[in-house]
2 protein chains.
Amino acid sequence: MTHEPPGPDNRRSRRPSTIRDVATLAGVSKSTASRAIMGQGGVSPENMEKVRRAVEQLDYVPNQIARSLNASSSAVLGLFLRHTRSPFYAHLASAFEEHAAVEGYEVMSLASGDQPDDANYRSLMLMADMRTAGIVVAAPNVDPRTIRQVASRIPLVLVSQMGQPSNPGVPYVAPDPREGGTLIDHVAGLGHRSIALLSFSPEQSPTQWARISWMRDELEHRGLLAGLKRIEPDQDLTDVVGELHRAGATAILCPHDSVAFDALAAAARQGLSVPGDLSIAGYDGVPPFDHEVFGLTTYRIPVEAMAEAAVKLIDDLVHDNHVDAGGILLRGELISGRTVGPPPAGPDTTDAS
Amino acid sequence: MTHEPPGPDNRRSRRPSTIRDVATLAGVSKSTASRAIMGQGGVSPENMEKVRRAVEQLDYVPNQIARSLNASSSAVLGLFLRHTRSPFYAHLASAFEEHAAVEGYEVMSLASGDQPDDANYRSLMLMADMRTAGIVVAAPNVDPRTIRQVASRIPLVLVSQMGQPSNPGVPYVAPDPREGGTLIDHVAGLGHRSIALLSFSPEQSPTQWARISWMRDELEHRGLLAGLKRIEPDQDLTDVVGELHRAGATAILCPHDSVAFDALAAAARQGLSVPGDLSIAGYDGVPPFDHEVFGLTTYRIPVEAMAEAAVKLIDDLVHDNHVDAGGILLRGELISGRTVGPPPAGPDTTDAS
DNA sequence: CTGTTAGCGCCTTCAA
DNA sequence: TTGAAGGCGCTAACAG
């Protein structure tokens, strides 16, 4: 084995050069260097040039953080997400980044995961500390008090998966709650008279809980409710789906698309054909679940439009433009796939026209 | 309509209280306040209590950024991702956050999207500026020079979707390149003698390009290559798939799972049954694509293990433990689904045992 | 144990 | 046009 060359060092070396280094090398004062770098004029051409060269030679890049420490605001937006994993949030984040970039913002994201609320508070404060221009919160698990506390210090916009969130005074973007019946209309319209719901616990997801609750009430009101089954994340749905079917349900509405696919797998294991024996619908309608090859029937939350609206809202807030204390409601759309069809012709189909 | 109450204000109010406010209110000096807050001892019980009360009364939260400005390091890790959208990166980010949390790190993420490399450089510097303890880069589009430049200032680990990346001296985590043949072995093992590849351009994804190139060479070497078709993102694959099939290909390997589903849809439109007429395989094997209900045959990149290894690596680097200049290679696994089967019995199946 | 001083890197008054 | 000084919020080193 030959002698190893000093080689590209694993360990860090020269500390990043500061504006001081630039000033010294250019033979001017820090202030002049600063002004030259900021390009605000008021610097002689010679000094301008000297500084430019020093910057180049030293690979100098201004420390954005130190800069924003006294600038009181930067061009960075904070995005606080429930998870990174779920396609809904991933898609939202991506769309938000794109639209924010158009307005000249950089986006830094933090995820809540399942941390307790005081950790959420610290995460949000961390964003605020770095003088983000504003924060967008897309994490239904954050306590409303925390939201208000942070919102009192920095422009903050809420993005919700459902109707108006319970944070008075904080602007929000959300799907129009009046759209909640779209899916039910579709399923009922095909003739289903016994529709079941799957749901996580309220703790696991307040948003989905609210959504499902609304649907339960609506179905009950219309006399179509076949029952609501509480499920756990990653639970095997084979038995649940089997029971619901045996109990007479002809359609199952799921809290989100991923669950719908679990239910489809469960139905397959139970030897049930979809939508022949049983119809199954999801909720969210976000890539990749909405891929034509899957043919899932679902309700598409208008993620793209929500992201765009959120950027506009936070941007207005940042620029102190007038912003409605309320929020912006957007309409999604029904994705009509191949997992929902007419109910099987049963013995009591008499009243189905 | 009644008179509106002053209401929870849309606009921000009192600027966040600083350690100065705390000190003043508690009637001590900034240093004492600081020490009390840091809880490092050396403060009298009375002052301790006074400060505690002041903190509570003012809702004081230390500014982490200002703190790290002279601390030279914080407990925040930076994660720089190619996209937020793709399930691969979303999954990686999520897993990374979880493992980082175990080690007591917070994770802030920035996405590269399609920005030019100088913007990538600025993004990475922004992370470094905020004194992140270290940075993990999972974005194959970042220029190696940029990587080295940043790595010379701050602990940096590379996470790649394929074998060893071309960044000498920078530790990395990657799937074992020797595993590259797994999928080919599987498909060829079933009797396919004419295997086609789909690929994006090298610019769109160096990683996938490298992977596909490797496969092309391998297939050519084995005399099984039916051709390589260059595709664009979001391209309709109907014609491509049709042509490949007519040209005699019995199996198509895709650059990643999402493309595989596009190909499946295209095959369906062409009236081809899968895997009866044509076998199709993906690559990545990450949720939600690996869901049993889809039955996709693919190669699963060991994302979880990679995330865990990346955390360990960056943590070691941060603590100046010895870290191999090379990297860590991990093995994924073949997911054998229902989209790859034996080739159709053709006129020239004579040599297939 | 406590307060004063200095400095992280930067920008922005204020005089000169 | 320029430099010196001060401050963003915080912590660490240094006297008392």
Side-chain angles (χ1 to χ4, degrees), chain A residues 14-51 54-55 58-76 122 125-132 153-154, chain B residues 14-51 54-55 58-76 122 125-132 153-154:
Chain A
R14 54 169 211 278
R15 71 154 173 47
S17 38
T18 78
I19 199 172
R20 244 185 121 130
D21 305 326
V22 173
T24 310
L25 182 59
V28 298
S29 76
K30 281 195 302 174
S31 329
T32 304
S34 174
R35 280 189 284 255
I37 290 163
M38 300 278 290
Q40 291 183 343
V43 181
S44 70
E46 308 96 61
N47 279 342
M48 200 71 183
E49 180 55 20
K50 281 196 220 164
V51 170
V55 164
L58 294 172
D59 270 354
Y60 171 75
V61 183
N63 183 324
Q64 297 297 335
I65 294 300
R67 180 176 275 179
S68 60
L69 187 59
N70 57 359
S72 84
S73 179
S74 66
V76 178
R122 280 199 301 275
M125 288 311 275
L126 175 62
M127 289 188 178
D129 285 349
M130 69 175 290
R131 303 285 202 271
T132 47
R153 313 203 148 166
I154 185 171
Chain B
R14 53 168 213 280
R15 69 152 176 50
S17 37
T18 77
I19 198 169
R20 246 185 119 128
D21 305 325
V22 173
T24 310
L25 182 59
V28 298
S29 76
K30 280 196 305 174
S31 327
T32 304
S34 173
R35 280 188 285 253
I37 290 162
M38 300 276 290
Q40 291 183 345
V43 181
S44 72
E46 308 96 61
N47 279 342
M48 200 71 185
E49 181 55 21
K50 282 198 221 164
V51 171
V55 164
L58 294 172
D59 270 353
Y60 170 75
V61 184
N63 184 323
Q64 297 298 335
I65 295 300
R67 182 177 272 180
S68 58
L69 187 59
N70 57 0
S72 85
S73 177
S74 67
V76 178
R122 281 199 301 276
M125 289 310 275
L126 175 62
M127 290 189 178
D129 285 350
M130 71 174 290
R131 303 287 202 271
T132 47
R153 312 202 150 166
I154 185 172

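Proteins come first, then strands; the chains are lettered A, B, ... in the order of their sequence lines, and each starts at number 1.
Summarising the geometry, the separation between CG on A:Leu69 and P on C:dG7 is reported as 17 Å, rounded to the nearest angstrom. Rounding to whole angstrom units, CE of residue A:Met130 and C1' of C:dG9 are separated by 15 Å. Taking atom NZ on A:Lys30 and atom P on C:dG9, their separation rounds to 10 Å, with Å as the unit.
A:Arg35 is listed as a side-chain neighbour of A:Ser31, based on a closest heavy-atom distance under 4.5 Å. Looking only at side-chain heavy atoms (C-beta outward), A:Gln64 and B:Met130 stay at 4.5 Å or farther from each other. B:Arg131 places none of its side-chain heavy atoms less than 4.5 Å from the side chain of B:Ser73. Using a 4.5 Å heavy-atom cutoff, the side chains of A:Arg153 and B:Asp59 are in contact. Residues A:Arg122 and A:Met127 fail the side-chain proximity criterion, which asks for heavy atoms closer than 4.5 Å. Contact of the A:Asn63 side chain with the A:Thr18 side chain is not registered, since no non-hydrogen atoms from C-beta on lie closer than 4.5 Å.
The footprint of chain B on DNA chain D, defined by a heavy-atom cutoff below 4.0 Å, extends from D:dG9 to D:dA13.
The only member of A:Val55, A:Ile37, A:Leu58, A:Thr24 that meets side chain to side chain contact (heavy atoms under 4.5 Å, CB included) when paired with A:Ile19 is A:Ile37.
Residues from residues 40-49 of chain B with heavy atoms under 4.0 angstrom of DNA chain C, sorted by number: B:Gly42, B:Val43, B:Ser44, B:Asn47.
For C:dG9, the OP1/OP2 oxygens have no side-chain nitrogen or oxygen of A:Thr18 closer than 4.0 Å. Checking the phosphate oxygens (OP1, OP2) of C:dG9, no side-chain nitrogen or oxygen of A:Arg67 falls inside 4.0 Å.
Partners of A:Ser29 according to the side chain to side chain donor-acceptor pair (under 3.5 Å) rule, which considers only residues two or more places apart in sequence or in another chain, are A:Thr32. Applying the side chain to side chain contact (heavy atoms under 4.5 Å, CB included) criterion to A:Val76, with sequence neighbours excluded, gives A:Ser74, A:Glu106, A:Met108, A:Thr132, B:Leu126.
Relative to the axis of its first five pairs, the axis of the last five pairs of the helix from C:dC1-D:dG16 to C:dA16-D:dT1 sits at 50°, rounded to 10 degrees.
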Give every pair of a protein N or O atom and an N or O atom of nucleotides 13-16 of chain C that lie under 3.5 Å apart, one pair per line with the distance.
none

